[in-house]
Undergrad: 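Handing you a structure now.
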Amino acid sequence: MSTPRLRVLLVGAGGVIGRWVHQALANDCTVITAGLDDAQHQVNLTDVASIQTLLQAVHSKGGPLDAVISTAGRASFARLADIDAADGEQSTYNLGLQDKLMGQVNLALAARAVLKPGGVIVLTTGTTSREPIIGGSSLSMVNGALECWVRAAATELGSGLRLNAVSPSLVEGTSAAACAAFPGFAPVSGAQVGLAYVRCLRSGLTGQIVIV
Ligand SMILES: NC(=O)c1ccc[n+]([C@@H]2O[C@H](COP(=O)([O-])OP(=O)(O)OC[C@H]3O[C@@H](n4cnc5c(N)ncnc54)[C@H](OP(=O)(O)O)[C@@H]3O)[C@@H](O)[C@H]2O)c1
């Protein structure tokens, strides 16, 4: 059985995970890359107009997509002792809520308009939804919310569209500074992480959180 070639938009392609995913898809997908700077297309997930501009540009050049993948999304590290309810809009939580959570949710919502029937959306969460780290309450909150949203939203997508998330542990190739926030975690293979996104695209899964 031959594998159909898929046209995939990869947001966050220049990052640690994005590069592993690009490598995993390179043989049998046409990958269109997007990111803040380091990609074919620039997009800021915190800005809905920027997401729409990206999707329209990609659609107008080559028609509907088979898949939209996000390996993007920022959140801040901060110890709970340094977070105060009075921080309001300056809260350390805001970056994760606006960027990693709502950025990916808005990308998924907007992607419905440019996907073929049966198309796939894959988002990225992370291990802190299950395994807390010190200073990681923002990441835990955002990853947990995103995973719940994926399970719920997948049931309502229609048009045969599918929605999944990959939830990696610490990934091979992550900077030493970021690894230091995860004491006792052994990095997981980047190739395995890439394959988790392939499973989300190719194996018919929907509403699933694929843990690596
Ligand atoms: N690395 C890990 O061990 C690990 C483990 C589990 C989960 N995660 C999660 O996976 C995601 C990616 O991690 P990573 O380590 O690959 O990060 P990374 O190396 O910092 O790469 C992030 C990528 O996302 C893009 N990006 C960031 N903010 C964006 C925005 N607002 N709009 C559009 N693009 C944006 C960046 O674009 P530019 O390249 O142009 O800057 C970059 O390509 C993060 O949400 C992280 O929490 C990471």
Side-chain angles (χ1 to χ4, degrees), residues 8-25 31-55 57-58 68-78 92-108 110-111 122-133 135-147 149-150 164-194 196-197 200 209-212:
V8 179
L9 173 63
L10 175 58
V11 181
V16 173
I17 297 179
R19 288 195 299 268
W20 288 116
V21 174
H22 198 170
Q23 194 171 306
L25 301 182
V31 180
I32 302 149
T33 63
L36 273 179
D37 294 308
D38 179 16
Q40 292 167 324
H41 295 266
Q42 278 61 56
V43 63
N44 188 341
L45 292 184
T46 63
D47 176 355
V48 174
S50 164
I51 293 173
Q52 284 165 338
T53 301
L54 166 71
L55 295 175
V58 172
V68 173
I69 299 177
S70 166
T71 57
R74 295 169 294 180
S76 307
F77 287 88
T92 192
Y93 288 140
N94 264 357
L95 179 66
L97 293 171
Q98 299 309 320
D99 196 303
K100 184 163 186 177
L101 176 59
M102 286 313 300
Q104 292 196 85
V105 167
N106 285 330
L107 176 69
V122 188
L123 307 183
T124 300
T125 64
T127 192
T128 55
S129 62
R130 305 174 299 284
E131 301 178 287
I133 54 167
S137 65
S138 177
L139 274 170
S140 291
M141 175 171 65
V142 163
N143 287 333
L146 206 44
E147 291 178 7
W149 184 80
V150 164
N164 297 296
V166 175
S167 182
S169 187
L170 187 62
V171 179
E172 178 186 357
T174 300
S175 71
C179 287
F182 290 82
F185 284 67
V188 294
S189 135
Q192 251 182 298
V193 171
Y197 291 81
C200 289
I209 312 303
V210 176
I211 293 170
V212 189

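Numbering of ligands and ligand atoms starts at 1, following listing order. Heads up: numbering here begins at 1 and tracks the sequence.
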Undergrad: If the test is side-chain contact (heavy atoms from CB on, under 4.5 Å), which one of Ile211, Ile17, Val210 qualifies with Pro168?
TA: Ile17

Undergrad: Evaluate the side chain to side chain donor-acceptor pair (under 3.5 Å) criterion for residues Asp99 and Thr46: first the C-alpha distance (whole Å), next the side-chain angles of each, then the deciding distance (0.1 Å), finally the verdict.
TA: CA-CA 5 Å; Asp99 196 303; Thr46 63; 5.3 Å; no

Undergrad: Can you tell me how far the NZ atom of Lys100 sits from the CE atom of Met102, to the nearest 0.5 Å?
TA: 15.0 Å

Undergrad: Distances for all N or O pairs of ligand 1 and the protein under 3.5 Å?
TA:
residue	atom	partner	partner atom	Å
ligand 1	1 (N)	Thr174	OG1	3.0
ligand 1	3 (O)	Val171	N	2.8
ligand 1	3 (O)	Thr174	OG1	3.1
ligand 1	16 (O)	Val16	N	3.1
ligand 1	16 (O)	Ile17	N	2.9
ligand 1	19 (O)	Val16	N	2.9
ligand 1	28 (N)	Arg74	NE	3.3
ligand 1	31 (N)	Asn44	OD1	3.1
ligand 1	31 (N)	Asp99	OD1	3.4
ligand 1	31 (N)	Asp99	OD2	3.0
ligand 1	32 (N)	Val43	O	3.4
ligand 1	32 (N)	Leu45	N	2.9
ligand 1	37 (O)	Leu36	N	3.2
ligand 1	40 (O)	Leu36	N	3.1
ligand 1	40 (O)	Asp37	N	2.5
ligand 1	40 (O)	Asp38	N	2.8
ligand 1	43 (O)	Gly12	O	3.3
ligand 1	43 (O)	Gly14	N	3.4
ligand 1	43 (O)	Gly15	N	3.2
ligand 1	45 (O)	Gly73	O	2.6
ligand 1	45 (O)	Lys100	NZ	3.1
ligand 1	47 (O)	Lys100	NZ	2.9

Undergrad: Give every donor-acceptor pair under 3.5 Å between a side-chain atom in residues 31-38 and any protein atom, sequence neighbours left out.
TA:
residue	atom	partner	partner atom	Å
Thr33	OG1	Gln40	N	2.9
Thr33	OG1	Gln40	OE1	3.4

Undergrad: Side chain to side chain donor-acceptor pair (under 3.5 Å), that's the test. Do Ser167 and Arg130 meet it? Break it down for me.
TA: CA-CA 10 Å; Ser167 182; Arg130 305 174 299 284; 2.8 Å; yes

Undergrad: Checking side-chain contact (heavy atoms from CB on, under 4.5 Å) against Thr71, which of Val21, Val11, Val122 comes through?
TA: Val21

